[in-house]
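Take a look at the structure set out below.
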Amino acid sequence: MEPQEHLEEKPLDFIRQIVAEDLQSGKHKTTITRFPPEPNGFLHIGHAKSICLNFGIAEENKARNARCHLRFDDTNPSKEETVYVQSIQNDVKWLGYDWGENLFFASDYFDQLHEFAIQLIKMGKAYVCDLSADEIRNYRGTLTEPGKESPYRNRSIEENLDLFLRMTNGEFADGSRVLRAKIDMASPNLNMRDPVIYRIMKTDHHRTGDKWCIYPMYDYTHCLSDMLEGITHSLCTLEFEDHRPLYDWVLDELETPCHPRQIEFARLNLTYTVMSKRKLLQLVNEKYVDGWDDPRMLTISGLRRRGYTPESIRDFCQTIGMGKKSSWIDMGVLEKAIRDDLDPKAPRMMCVLNPVKLIIDNYPEGTIEMMEAQNHPKNPEMGSRQLPFGRELYIERDDFMEDPPKKFHRLGPGREVRLRYGYLVTCVSYDKDETTGEITTIHCTYDPATKGGSAPDGRKVKGTIHWVSAEKGIDCPVRLYDRLFTAEFPDAEKGVDFKEYLNPQSKVVLEHAKAEPALAELEPGKQVQFERTGYFCADYVESETGKPVFNRIVTLRDSWAKEQGKS
RNA sequence: UGGGGCGUAGCCAAGUGGUUAAGGCACCGGGUUUUGAUCCCGGCAUUCCUAGGUUCGACUCCUAGCGCCCCAGCCA
């Protein structure tokens, strides 16, 4: 791929435009962004959008030494754990990004943050407030009414300093006092009504241990951390737009040497799923899914286990664009991204998901013939393999109908079909269990002149179906994954629990699919296409050596199913 | 009813006073095909939330309205 090709005419999104202007105007010599997760959960596809944005911008401006920091926003020890720190690093790396030396923690700045707080107090811009949480809420006012000033608002600087130091030393109980910025209780922006910037929390921190019993709040911490790292553009989601005045206030009051620009963009929403950490956590805790990395979860670890590639996720993030409009991306776009990535590179294999036996009556018994099969019809460099063919095979149950319509290009009584890389066969009869109505065996005859699947007389056979040798094929479990929810917007309906819309078919377990022998050795995690059905990979949790368990990543597009759906 | 945002096709999204209003997804036709896949070709907004106004000319500027999202954690 020519790098130039990528750049051609792809219009810059509004954030990249700002970055480019700042470089051109000389406002900045380089660009420094950051991805700032809180280590309190697993990353999901929504985070991928932010990761691709922040690391993407750094990558695009590599020539000017641009970089992107990974910074953990760990200011709330009651929710954060070191296991998340590890999983987040894994996921970012897996997506293909590298923060180099620039791994930071907001907790690294606790000392400096504390100094800045003292400075604010000395400037008369912050005060210790003894109001309880409830009282603070009551004093804050409402959306339409201004707040009231705290009775502690006008304490002397000396008293504030003393109290803050005693807070720091652990002299007061959790929740008994806070440090607040002194701004404006009548501001129409609630965030500016003397926001809390430090609270007492006698909780051990995953990195600083028991050193602190007060912890800084997000608004106060984030802007200063950005500043300390020399971030040029601080990119966050829309809900922080109202916080920007506070971000700017802290940096302005403290007269810091640099002042990063916060820019907000719309978070990712996808149809047929939920994205909030709370809801994902609920699905895990209440066992609706098998853990954070359940292949149906749109966590990065779930997608990875499902068989999605980092390339496809990055491509997806580029496709969806960047804007300030709250929007819903169709799940089909994500599915399209993985199909597009896998189509050129996934080897083709054969696996019969719902097997029914097919016997070729005129084929010699006890004979196994090796048939040559392309690993990729469009890419001969991927080579070929030998497929064992015999008198008894399995084919897909859906590929046979007792009384098929005209447009059905597969097997039916008297119909001829091509067994891919095998022979042309014609159905002569079939056996049926009269009590269940289930087809038990299909009998065919084959045309020995059609080895490989081509007819020397040039006759047209419209249908080609896949098959597996009954004798040489392997028995394997397959997990057919589908969208987790049946509703386009599972959490849109007020008063209806989103779990009502869980898709009962999101995981269909097939214990006895039949796969071609080579599939026994498929390396877990490696993606292949099962011809005519979809892209799959061997699950790296459940598979054992020589005994793969397959995950369906995504189906192939199926215009026949669509056609049937119409009638 | 306070404040902050946002409205271009079914879903995303370019467009920054003069273009036939990009592109992708979806959808609908057709072609190629030993995967009903892929690929290829074609179609898909006389109109940009609405109504006025400015202008020779408006998706772009102005005014008024309508709709949707976010904000009252000692969460981030």
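Reminder, nothing fancy here: chain letters follow the sequence lines and each chain counts from 1.
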Worksheet entry | A/Arg140 vs B/C74: side-chain N/O to OP1/OP2 distance below 4.0 Å | yes
Practice prompt. For nucleotides B/U47 and B/C59, find the distance between their C1' atoms and express it as a whole number of Å.
Written response: 9 Å
Could you go through nucleotides 7-10 of chain B and list every protein N or O atom that sits under 3.5 Å from one of its N or O atoms, giving the distance for each pair?
residue, atom, partner, partner atom, Å
B/U8, OP2, A/Lys325, NZ, 2.6

Item to complete: Establish, from distance only, whether the side-chain atoms of A/His466 and A/Glu531 form a donor-acceptor pair under 3.5 Å.
Response: no
Worksheet entry | Mate of B/G17 where both pairing distances stay under 3.5 Å, Watson-Crick or G-U | none
Worksheet item: Using a distance-only test with no angle check, is there a side-chain donor-acceptor pair under 3.5 angstrom linking A/Ser234 and A/Arg34?
Response: yes
Worksheet item: CG of A/Asp242 versus P of B/G73: gap in Å, rounded?
Response: 14 Å
Worksheet entry | Whole-angstrom distance between B/C48 and B/C61, as gauged at atom P | 15 Å
Worksheet item: Quick one: do A/Arg459 and A/Asp447 make a salt bridge, cutoff under 4.0 Å?
Response: yes
Worksheet, complete the sentence: Whichever of A/Asp558 and A/Lys336 has the more 5' nearest nucleotide on RNA chain B, that residue is A/Lys336
Fill in: Gap in Å between the two P atoms, one belonging to B/C27 and one to B/G10, rounded
15 Å
Response to the item:
With syn meaning chi within 90° of zero and anything else anti, the base of B/G73 is syn
Worksheet item: Looking only at atom P, what distance separates B/C62 and B/U55, rounded to whole Å?
Response: 15 Å
Discussion item. Just the rounded figure in Å: distance from P of B/A14 to CZ of A/Phe14.
Written reply: 9 Å
Worksheet, complete the sentence: Across every strand shown, the nucleotide meeting Watson-Crick or G-U wobble geometry with B/A37 (both distances under 3.5 Å) is none
Worksheet item: Under the 5.5 Å and 30° test, is A/Tyr218 stacked on the base of B/A76?
Response: no
Fill in: A/His47-A/Phe42 aromatic ring centre distance below 6.0 Å
no
Practice prompt. Pick base, sugar-phosphate or nothing for A/Pro377, based on heavy-atom distances below 4.0 Å to the nucleic acid.
Written response: base
Item to complete: To the nearest Å, give me how far apart CG (A/Leu12) and P (B/G23) are.
Response: 18 Å
Worksheet item: Between atom CD in A/Glu239 and atom P in B/C70, what is the gap in whole Å?
Response: 10 Å
Worksheet item: Would the A/Phe110 and A/His205 ring centres measure less than 6.0 Å apart?
Response: yes
Worksheet item: Touch check for A/Tyr421, heavy atoms < 4.0 angstrom, all strands: base, sugar-phosphate only, or nothing?
Response: base
Discussion item. Could you tell me how far B/C49 sits from B/U16 if I compare only their P atoms? Round to whole Å.
Written reply: 15 Å
Discussion item. Whether the side chain of A/Gln17 and the base of B/U16 hold a donor-acceptor pair under 3.5 Å is what I'd like checked.
Written reply: yes
Worksheet item: Got a donor-acceptor pair under 3.5 Å from the side chain of A/Arg410 to the base of B/G36?
Response: yes
Worksheet entry | Rounded distance in Å - CG (A/Asn375) to P (B/U35) | 16 Å
Worksheet item: Given that both distances must come in under 3.5 Å, which nucleotide forms a Watson-Crick or G-U wobble pair with B/C68?
Response: B/G5
Worksheet item: If the C1' atom of B/G53 is compared with that of B/C75, how far apart are they to the nearest Å?
Response: 48 Å
Worksheet, complete the sentence: note: A/Trp328, atom CH2; B/C68, atom P; distance rounded to Å ~ 16 Å
Response to the item:
By nearest-nucleotide position on RNA chain B, the 5'-leaning member of A/Thr75 and A/Thr271 is A/Thr271
Worksheet item: So, do A/Tyr152 and A/Tyr139 have ring centers that fall under 6.0 Å from each other?
Response: no
Discussion item. Categorize A/His222 for me: base, sugar-phosphate, or nothing, with a 4.0 angstrom heavy-atom threshold over every strand shown.
Written reply: nothing
Discussion item. For A/Arg267, I'd like to know if atom CZ has over 12 heavy atoms of other residues, nucleotides or ligands within 6.0 Å.
Written reply: no
Worksheet item: Tell me: CG of A/Leu342 to P of B/A37, nearest whole Å?
Response: 18 Å
Fill in: Sugar-phosphate only, base, or nothing, as touched by A/Arg418 at under 4.0 Å among non-hydrogen atoms
base
Under 3.5 Å, sequence neighbours excluded: what are the donor-acceptor pairs made by side chains of residues 178-186 of chain A?
residue, atom, partner, partner atom, Å
A/Arg180, NH1, A/Asp194, O, 2.8
A/Lys182, NZ, A/Arg153, O, 3.3
A/Asp184, OD1, A/Ala186, N, 2.8

Worksheet item: Taking the same atom, C1', in B/U63 and in B/A26, what whole-Å distance lies between them?
Response: 38 Å
Worksheet, complete the sentence: Atom CZ of A/Arg339 and atom C1' of B/A26 are separated, to the nearest Å, by 12 Å
Fill in: C1' gap between B/U35 and B/C25, integer Å
23 Å
Worksheet item: Is any side-chain heavy atom of A/Val85 less than 4.5 Å from a side-chain heavy atom of A/Phe72?
Response: yes
